[in-house]
Amino acid sequence: MDKKQLSEIDICEKFISPAIALAGWNIHDQIFREYPLRVGRVTVRGNKSHRDQSTVLRADYALFYKSNIPIAVVEAKDNNKAIGAGMAQAINYADLLGVPFSFASNGDGFVFRDATLADGVLEKNLTLDEFPSPQELWERYCAWKGWTPEVRQVTEFDYAPSKTPRYYQMNAINRTVEAIAQGQKRAMLVMATGTGKTYTAFQIIWRLWKSGAKKRILFLADRNILIDQTMVNDFRPFKGAMAKLSPNAKGVERVDAQGKVTVEDVDLAVNKTTKLVDKSYEIYLSLYQAVTGTEDERNIYKQFSPDFFDLIVIDECHRGSADEDSAWREILRYFGSAAHVGLTATPKETKDVSNSDYFGDPIYTYSLKQGIEDGYLAPYKVVRVDLDKDTFGWRPTQGMTDKFGHVVEDRVYNASDMNRKLVLEKRDQVVAAKITEYLKATDRYAKTIVFCEDIDHASRMRQALSNSNADICKDNPKYVVQITGDNAEGKLELDNFIDPEKTYPVIATTSKLMSTGVDAQTCKLIVLDQNIKSMTLFKQIIGRGTRLREDLGKTWFTIIDFKRATDNFADPKFDGEPVQIYEPTPDQPVAPPEQPGDTPFPGNPPSGTPVGEDGGIFAPGSGNGGTDTGEPKKYVLGNVSVSVARERVQYLNADGKLITESLRDYTRINLVKQYDSLDKFLQAWNHAERKAVLMEELERQGVFIDALAAEVGQDLDPFDLLLHVAYNQPPLTRRERANRVKKRNVFTQYGAVARKVMDALIDKYADEGIATIESNEVLKLQPISLIGSPVEIVRSFGGRPQYLQALHTLEKELYSSQR
């Protein structure tokens with residue numbers, strides 16, 4: 001057969017694959033066809049989403065020297081294209097995989113691009129039998145990297161036998177292992193929340209440990225739940241060699257693939273009675289607070305010699321208050337001879353704070369924007385709600401007192417004052433009502449986190465939301481819970497909130513406690529009613545919703561913003577690269593303190609002020625934030641009305657920018673892209689055997705008919721809805737279309753029973769739409785079912801083909817342009 005007649009797949013099977021295999025590449029563990037890179041961006045419009053297939057990226061071939069080391073990509077084209085036609089794609093894929101070798105082919109030979117310049121030539125042509133062997137490319141690769149035999153031995157060690165890493169995880173793992181194997185003492189990985197930092201850390205530790213490069217390892221985190229879940233999930237293969245460095249650990253709940261919950265014991269390295277550490281383990285996991293608190297606790301880590309650990313991995317290395325930074329500094333300095341690897345989603349870089357000053361520039365960064373673009377993170381839409389008193393300000397009348405008798409200071413209060421200096425109780429009610437309104441319109445049981453100004457505000461919001469959802473809360477009081485540092489009962493519900501198998505709690509009100517380190521996989525709604533001045537805190541809060549769980553129906557999330565906090569999306573720093581500007585003196589902490597904007601109060605609290613675990617200030621006295629004597633910290637008013645001034649919906653566009661766009665505009669643009677004229681759309685509609693199939697295809701292309709109908713606000717047939725929105729045609733109602741068909745009397749050729757069925761189908765269309773009359777079940781619905789059984793009805797038309805023809809005629813008449 002003429003090669004020009006072959007498809008791209010045929011070219012691959014008959015020419016390219018044999019040529020690669022002939023060069024010595026193993027088809028089972030070195031040659032990977034259709035290697036996935038990007039799985040397709042999720043697009044959201046209205047309350048529906050779809051994966052944009054145009055954004056899916058797969059390399060025709062990814063070539064691996066070993067299972068953990070990609071080395072080259074090959075892009076194929078059919079023989080009607082030039083031999084190097086696929087090179088631009090190959091270079092793009094090679095860049096994503098971080099490999100220097102790219103090939104393009106049309107079956108006649110190869111264009112070979114060698115970014116190592118081993119021969120002094122960037123690109124050259126090869127015949128089919130000149131494809132380089134794995135060893136040849138590997139030697140070029142190692143020379144390009146400058147690896148010694150010792151480094152090669154470490155980097156070649158395979159992954160742990162678990163799930164296959166995604167391309168960015170593989171890059172992060174390989175670069176870290178390479179850096180540590182080459183003797184680098186500090187390294188930082190920046191990976192957006194939800195992209196698998198803990199799994200990445202596990203694979204780094206596994207390869208360094210198994211290869212013998214690092215024999216004793218300490219993994220540090222700042223939340224018990226992070227340690228526990230890490231031990232029973234990602235770090236599970238370490239069982240037997242791993243222990244928790246804590247005297248108070250208990251069994252850990254584990255949910256298996258079938259949803260069965262079991263309690264799993266974890267090994268403890270500290271004797272509960274003697275407080276002595278068992279040093280026979282090789283991998284230790286610990287809260288840094290657990291080894292740096294009291295003298296007894298500090299003694300736990302000092303039982304190890306300073307050179308005991310070879311590697312320390314610090315999870316969430318951006319975290320910590322000033323005191324906690326001292327703890328970090330103490331541990332890292334004590335084990336100063338070990339290699340230190342920091343993991344974070346939000347590196348801090350300000351004039352006062354810097355992660356990169358300690359760890360160095362990130363050796364790999366995978367941002368939220370990139371994760372959404374690749375389709376590995378959930379996108380979001382933003383509902384911005386501006387309240388009148390926040391937007392336009394509020395000023396008290398002369399001599400006005402609050403509900404506790406304090407004279408309200410005479411000045412204009414605005415959004416930054418709400419719940420910090422001024423509490424308007426009716427504002428809480430309006431916020432709770434808007435949250436409830438959204439949940440009722442979408443899903444009453446969608447996991448929701450409400451970020452409040454402080455603990456006092458979180459408490460009030462819990463009550464307001466309970467009242468707004470009284471129909472559920474009267475029987476299920478845990479529908480809404482307060483989860484803050486001072487609320488022991490609420491903190492106990494945190495595990496239930498993040499467990500996808502647990503229905504309750506549904507809504508959690510918090511301040512700071514849930515802003516980071518909480519793996520709320522199914523969180524679908526984040527509410528911002530907090531002044532957020534810190535980009536770090538903002539990123540962490542948004543990260544609570546970015547986890548993508550399609551298997552659990554979580555493909556996107558919504559942000560309801562009452563404080564214009566989402567203006568941060570327009571800030572270049574939102575996904576910008578860190579810039580090192582922190583130069584600590586010898587007496588300053590090596591791990592940076594919180595930025596000034598990271599607390600909900602400007603500056604530090606006054607000396608002696610009790611501070612809550614999640615950042616709220618506990619004020620004695622009336623419970624309203626005031627003190628027993630002197631000026632109150634907050635004025636509380638219950639009689640000031642609050643209303644919504646403006647509300648708008650924004651979406652992420654294809655470039656990752658947050659835009660205000662109506663579904664009308666979006667539909668018009670999308671539909672006209674597919675059908676650039678009204679005639680083309682009419683042809684597609686009329687030629688579709690089943691309109692429901694065409695509508696499903698339109699939805700896959702991002703035309704969401706149900707959401708559009710809700711925005712337009714008219715009960716229109718999808719056909720009229722699209723004609724009206726995209727092509728500015730005057731719409732007809734379904735009843736008008738049905739009546740036009742009845743007037744034409746087009747079914748006279750059928751018998752009495754069949755005509756009666758057609759009349760009933762026309763009425764059914766008028767009431768329920770085209771999808772209903774196309775359904776296989778329509779003949780079982782009343783009043784059609786009262787005419788006869790489905791078999792009897794079909795027989796009245798002369799058989800099933802004749803019935804389907806009559807249905808086709810009906811649809812043709814319904815959508816006829818005749819008046």
Side-chain angles (χ1 to χ4, degrees), residues 3-38 55-145 147 155-156 164-168 170-171 174-175 374:
K3 191 183 287 188
K4 300 289 185 186
Q5 304 300 314
L6 297 177
S7 67
E8 182 181 306
I9 293 176
D10 290 333
I11 291 293
C12 289
E13 292 180 353
K14 294 179 181 295
F15 298 98
I16 298 176
S17 292
I20 297 173
L22 186 64
W25 295 84
N26 189 305
I27 195 170
H28 298 294
D29 54 19
Q30 289 186 309
I31 303 174
F32 293 87
R33 292 279 285 117
E34 296 295 317
Y35 188 80
L37 295 167
R38 293 175 176 163
T55 64
V56 174
L57 289 186
R58 296 187 184 91
D60 287 335
Y61 294 83
L63 304 183
F64 282 64
Y65 179 70
K66 297 196 72 174
S67 64
N68 58 305
I69 304 177
I71 197 170
V73 295
V74 182
E75 184 61 22
K77 298 296 178 185
D78 64 52
N79 199 250
N80 294 292
K81 298 180 178 65
I83 188 173
M87 182 53 73
Q89 284 177 266
I91 292 172
N92 182 31
Y93 301 159
D95 182 61
L96 287 175
L97 282 172
V99 301
F101 307 120
S102 311
F103 296 84
S105 178
N106 66 352
D108 288 339
F110 296 94
V111 174
F112 173 34
R113 186 178 192 274
D114 179 2
T116 72
L117 297 177
D119 299 330
V121 178
L122 181 62
E123 290 190 12
K124 61 183 176 181
N125 290 355
L126 304 175
T127 63
L128 287 175
D129 59 2
E130 289 179 326
F131 197 88
S133 69
Q135 197 60 37
E136 179 183 349
L137 290 188
W138 179 240
E139 293 303 325
R140 293 187 184 209
Y141 184 84
C142 290
W144 176 59
K145 288 282 192 178
W147 288 352
T155 56
E156 287 184 40
T164 303
R166 296 166 178 167
Y167 84 87
Y168 64 85
M170 188 162 51
N171 287 340
N174 287 346
R175 292 191 190 186
D374 287 350

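- Residue L122 places its CG atom among more than 12 non-hydrogen atoms of other residues, nucleotides or ligands, all under 6.0 Å distant.
- Side chain of N106 to main chain of K81: a donor-acceptor pair is present (N/O by atom type, distance under 3.5 Å, no hydrogens or angles).
- How far CH2 of W147 is from SG of C142: 5.5 Å, rounded to the nearest 0.5 Å.
- Panel note: side chain N171, backbone L96; a donor-acceptor pair is recorded below 3.5 Å.
- Among all heavy-atom pairs drawn from L126 and P132, the shortest one is CD1-CD, 3.9 Å.
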ask   = Can you check side chain to side chain donor-acceptor pair (under 3.5 Å) on Y167 and D374, steps first, answer last?
value = CA-CA 10 Å; Y167 84 87; D374 287 350; 2.5 Å; yes

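- Taking each heavy atom of S102 and A94 in turn, the nearest pair found is OG-CB, 3.4 Å.
- Between Q5 and N79, the closest side-chain pair of non-hydrogen atoms is not below 4.5 Å.
- Applying the side-chain hydrogen bond (donor to acceptor under 3.5 Å, both in side chains) rule to pairs touching residues 14-36 yields S17-Y61, sequence neighbours excluded.
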inquiry  = I'd like to know whether V73 forms a side-chain contact (heavy atoms from CB on, under 4.5 Å) with F103, so could you lay out the CA-CA distance, the side-chain angles of the two residues, the decisive distance to 0.1 Å, and finally the verdict.
reply    = CA-CA 6 Å; V73 295; F103 296 84; over 6 Å; no

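- Within the 3.5 Å criterion, the main-chain N or O of A76 finds a donor-acceptor partner in the side chain of D60.
- The salt bridge (Lys or Arg N to Asp or Glu O under 4.0 Å) analysis of residues 93-109, with sequence neighbours excluded, yields the pairs K3-D108.
- A centroid separation of less than 6.0 Å is found between the aromatic rings of F32 and F64.
- Distance alone, capped at 3.5 Å, places no donor-acceptor pair between the D114 side chain and the F101 backbone.
- The nearest pair of heavy atoms linking W144 to A115 is NE1-O, 4.3 Å.
- The two residues K77 and I11 make their nearest non-hydrogen contact at O-CG2, 3.8 Å.
- Taking CD from E156 and OH from Y65, the interatomic distance works out to 5.0 Å, rounded to the nearest 0.5 Å.
- The shortest side-chain heavy-atom distance between R38 and V56 does not fall under the 4.5 Å cut-off.
- Looking only at distances, no side-chain donor or acceptor of Q89 sits under 3.5 Å from a matching main-chain atom of G86.
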key: Criterion side-chain contact (heavy atoms from CB on, under 4.5 Å) on K124 and R113, from CA distance to verdict   = CA-CA 7 Å; K124 61 183 176 181; R113 186 178 192 274; over 6 Å; no

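- In this structure, I71 and W138 have side chains that are in contact, with non-hydrogen atoms separated by less than 4.5 Å.
- A heavy-atom distance below 4.5 Å is not found between the side chains of T155 and N174.
- Counting all heavy atoms, side chain and backbone alike, F112 lies closest to L137 at CZ-CD2, 3.9 Å.
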Step-by-step side-chain contact (heavy atoms from CB on, under 4.5 Å) determination, R140 to D119 = CA-CA 10 Å; R140 293 187 184 209; D119 299 330; 3.0 Å; yes

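- In terms of heavy atoms, P18 sits closest to C12 at CD-O, 3.8 Å.
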task = For the pair F110 and N125, evaluate side-chain contact (heavy atoms from CB on, under 4.5 Å) and give the outcome as yes or no after the intermediate values.
result = CA-CA 6 Å; F110 296 94; N125 290 355; over 6 Å; no

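- Contact check for L63 versus I20: side-chain heavy atoms found under the 4.5 Å cut-off.
- No more than 12 heavy-atom neighbours from other residues, nucleotides or ligands sit within 6.0 angstrom of CD1 on I9.
- With contacts defined as side-chain heavy-atom distances shorter than 4.5 Å, the pair Y93/E75 qualifies.
- Here the side chains of T116 and Y141 are not in contact, with every heavy-atom distance at 4.5 Å or above.
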